[in-house]
Amino acid sequence: MVRCFLINTVCPVSALGAGESRVLYCRVFGPDESIFTDQNRELSPEERRVLQREKIAVVARQVRSAVSLSREAAGRLLVEAVPGEEALALQEADSGVLRLRAGDPFPEEMSALWLGVQSLGFTLVCEPHENLLLAEGTLRTLTRHCLEQLHMLGQGSEVLLRSNRIDALLSRLLPHGQLLFLNHRFAQSLEKEVSAYMAK
Amino acid sequence: MYSHGAESLIKQAREIQDSELQKFYSRLVKLLQGKELSHETVDSLQRLYIILYSNKYIRTLPPELQKRLHSLLSSPAEQFQVLCSAVLRETLPPSAHSGNYSQENISQLNSHAAALLLSQAGSTADVSSLCTQLLRGLESRPLEGPTNSLTHTLPILNTILTHNPECLTEDHVTLLSKKLVDWLRYASILQGGGTSSGGFFTGPRSRQPVPIAELDGTVSGDFFTVLCVGQSFTEDQWMNVFSFSVLRHWLLTYHSVSNGNNTADTAQRLQLSLSLSHSFSNDDRSEVDGSVVSMVSATSSSSRLLPPKERLREKSFQYCQRLIEQSDRKAHKKSDADLQKACLVEAVCILDCVCEEDASLVFRTFPCIKALFGRLSSDLSFARVLLPIAQFYLNHGEMATVDCGSVWALVFGRYPAELFNDPFLAHELLRFLRLNLESLQLRVPQYTHSFPNLLKFLAWDSPAVVDDFVDLLPSLVTAGTAVELLHTLLDLPCLSATLVLQVRSTCLPISELSGRGLLSLDAFRSPSFRGLFLFLLRGEAGSGDTIDRLSTLLELLAETADWPRVVQCAQTVPVLLHIFFNTVITVADEKLLAHLILVMLERSSLLLKIPKYNKEIHRVFSAHLLRLCKLHPSLVVDQSHELLEFSGATANVYSKEEIYTHVVWVLGEYLSVSCDSRCSVRLITSCFEALEAVLFEITSSAPPPGADCPAPRVVTTLMSSLAKLASRSHDLIPRVSLFLSKLRTVTRGGSVAWCSDEEDLVAIVTRGEELWSLLKAPGVAQSVLTPPAHVTTPQWHRDTNVALPLRLRALTNFTHSH
């Protein structure tokens, strides 16, 4: 299953230190894993939340580094895409996968699939035995919907102000972190529901 | 994309004053009391979410607000379900005894509320009870009927089992296995009813039944799978999709659960056999539904008499076989073609999993896997599908006595050579190697020889895969490969540059202007240098450790030294070298270690000139040279000729300070009869003379143009080594003493050309004086400068009778206790 989906900055943010990243959206699926580890079982809900936040921040920073290193190595110039050019932006996106060693930051090893679209990174943290071909397709679909529905190529802050749309999107395309084998017909029928939700 | 607006929004949310926040809360409570939930309500809830989300610590909401939000979770408007669960997720869960959620049955909640409940579970017991509730929900609910919650049941269950597989009981396994068989194998083969009226599912009513179709448009002639399409779908078809999506994890989980619980298992089996007649009459719906007899299952043995787990295994087997068959159809949409690939991966993994549990299936599965391999092996775009196939061959090939040669030719040959720039393939292939390291080493002799190819992944995308190579490298170090591997590691930045050139030269036609002006690209294309580049790009070890014209190659690639990819690659080499040397001392004999020392000396000047790279490599070499010599001191006598040659070259003082210092130190330390009886007076004298000449040269003139002054450490190390050697051959003592006294005289004047820092000079002179006075008493000098082994590795510390500290401690204890 997918452990979490996050959207974070992969560009310098003035309020943050170099190499830091702002997590704009994050959804962790399932129960909090710290209740299953002996070490953390005694934590209070408040402490568990902070711990989880820190873990996500670790992933975000690693994704930020991975995106910058990959862009630096490829030496490609970023093409500035404007609203309406979501498909182009997605096509030009850098992508890759990171191995998160056991304990760094999750108790078990994880694979983090990332897509770097201009100044933002979209990441799925999956269990490493997960079907990564399917995960990659799902990540692209999710990213496309986020870019389109939240007008993310523009200057607005809808990723924060309309985050419920991302929740609704995830509940269809990645319910409870479950990757689904959806052919285009199934996908269409879910996307219709998503559009209906967005229209409200 | 990311605007200042968003940043200031977060700032505002973090800095909001408490009084302001309380006002906001009470306004929100009022809004939520209203009959109509307006746009303003939605907006306010979203803002509340941002406030809670942006803060590191949890804020406590007023109880009234919390209650309202909680009741809104079951609002008919989905937007409110979503927003309230998002807000409540960011708050503290209700404490256990307040019992806010506990009366609720998770299987009756909507998906968003259920997710909230799960995310706030506070203990394993909570999660286990949710699991039981969900399964009970599955059991009690008839399959038909308008239920929304059924689809999210499977994903939630899967989530719970991922975290806490222990909560499964044998009854659960039986129940869910039966359900999965139903959904997987007996979903309706007719399309769902007319266009949806907006609900998640529409009833299975259809005025004119239309059969489902395959991805290429033909009418489907077999049972329903995720690769079947229609205008709309029935509920059981949706369940088919969800069932297949969770199937692999389920098979893995129940396998591990039932394996860990054998006694219970047998007891359950007994019980099962009693209830067999009951379950089969209920469950096999193939005839009831009018479902066609499957082409796939028609040939296989009847599964109707199997217990649920075995039956699920059989049905999974059939389902996967059908998917593999369906994946050969030409999909109209690209997204469906991608799905076919993902399905192939999943199908092969599931087949592997069922074969693991039931070995008798191996013989039924292999023909299909072999055929699939034959179909896909020549097409590089299916590389990622081939990896699970390789796993299948590795796990079951021996049992079925199948030849795996062509599989390994792809995994270790073509894929790294041609797909080194696919990050996903690299990740999956290296993970495959990591997971199967033991059996690969045992059964696939090509593995260790394929390192020149495998390292292409590292040379191309070092930051992403270096972690994998940290784990893999030790397995690649063998006595047979060590020398070539060392050269290959040192040449990794060259390989990186060459791969970039290879990609560029295939992407750009020769006439293309943008490629012009790159000397390295011209060289890459020139037939006269082809051999050099082909050596770097070789796929297998064994064609020679390195090449004679390496220096030519390094010159050709000189301009690549600041390419980001090359620099990133160079940064990983020191780490890998450490791992290499740490491993090699466990597998190498003395002869090989001697060879490695020669390689270090030789390669210390044959490296791509990347800023800092040479220094880093020299540092690693120095550390391990020292370690090797400490471990096998006779290596120094063995290799004295080469070591002397290296330390006799004055230029090395300036260009390779680090490694030069260490070579001089090991010569002084280990060139001694006590380390190796072959060490003659002649050898000591010739070493002395070589070092003496260098020391004289560097302390009598200014450094050559362009070079810095020799490091003080080099000078003192040379002096110490000379003193050590002299203490072993007393004829040499006057020569050192003369030098040291001259040094004192010369430096009295203050500054010298070869040392710019006054403090350094004082330190050097002090050191010289110490050595000089020591050498005045040759007997003492020998025991201090070449101490016998029992002094440097003192055993007597551990001897309780002699050890002073222990006695003291005993005495202290004695006095303290009184």
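By convention in this document, chain letters (A, B, ...) are assigned in the order of the sequence lines, proteins followed by strands, and residues within each chain are numbered from 1. Please read all numbers here as calculations on a predicted model, not as lab measurements.
- Of the N and O atoms on the side chains of B:E7 and A:S14, not one donor lies less than 3.5 Å from an acceptor on the other residue.
- Interface remark: A:L43 contributes no atoms to any contact with chain B (heavy atom separation under 4.5 Å).
- Each of A:R27, A:E54, A:E47, A:E130 has some count of heavy-atom pairs under 4.5 Å with chain B, and the biggest count is that of A:R27.
- Of the listed residues (A:R22, A:R48, A:E109), the greatest number of heavy-atom pairs within a distance under 4.5 Å of chain B belongs to A:R22.
- Contact tally against chain B (heavy-atom pairs below 4.5 Å) for A:E33, A:R162, A:R165: the top residue is A:R162.
- Test B:V229, B:I212, B:L215, B:D336 against A:R185 for side chain to side chain contact (heavy atoms under 4.5 Å, CB included) and you get one pass: B:V229.
- A 4.5 Å side-chain heavy-atom check between A:Q178 and B:L154 finds every atom pair outside the cut-off.
- Counting all heavy atoms, side chain and backbone alike, A:V97 lies closest to B:A464 at O-CB, 4.3 Å.
- With a threshold of 4.5 angstrom between heavy atoms, A:L98 approaches chain B through N, CA, C or O but not through any side-chain atom.
- Both tests do not hold together for A:R49 against B:Y57: distance to the six-membered ring centre under 6.0 Å, angle to the ring axis within 45°.
- Going from atom CG of A:D167 over to atom OG of B:S85 covers 6.5 Å, rounded to the nearest 0.5 Å.
- Contacts of A:P107 with chain B are absent, with no heavy-atom separation under 4.5 Å from either backbone or side chain.
- Using a 4.5 Å heavy-atom cutoff, the side chains of B:I10 and A:L160 are in contact.
- Side chain to side chain, B:H152 and A:S171 fail the donor-acceptor criterion of an N or O pair below 3.5 Å.
- Between chain B and the residues A:L147, A:T141, A:L113, A:V23, the largest count of heavy-atom pairs under 4.5 Å involves A:V23.
- With chain B as the partner, the residue from A:S157, A:S34, A:G137, A:A73 showing the most heavy-atom pairs under 4.5 Å is A:A73.
- Residue A:N131 holds its CG atom at 8.5 Å from CZ of B:R384, rounded to the nearest 0.5 Å.
- Proximity to chain B is limited to the side chain of A:Y197, based on heavy atoms less than 4.5 angstrom apart.
- In this structure, B:H163 and A:F36 approach most closely via the heavy-atom pair CB-CE1, 3.3 Å.
- Between the CZ atom in B:F242 and the CG atom in A:L180 there is a gap of 4.5 Å [rounded to 0.5 Å].
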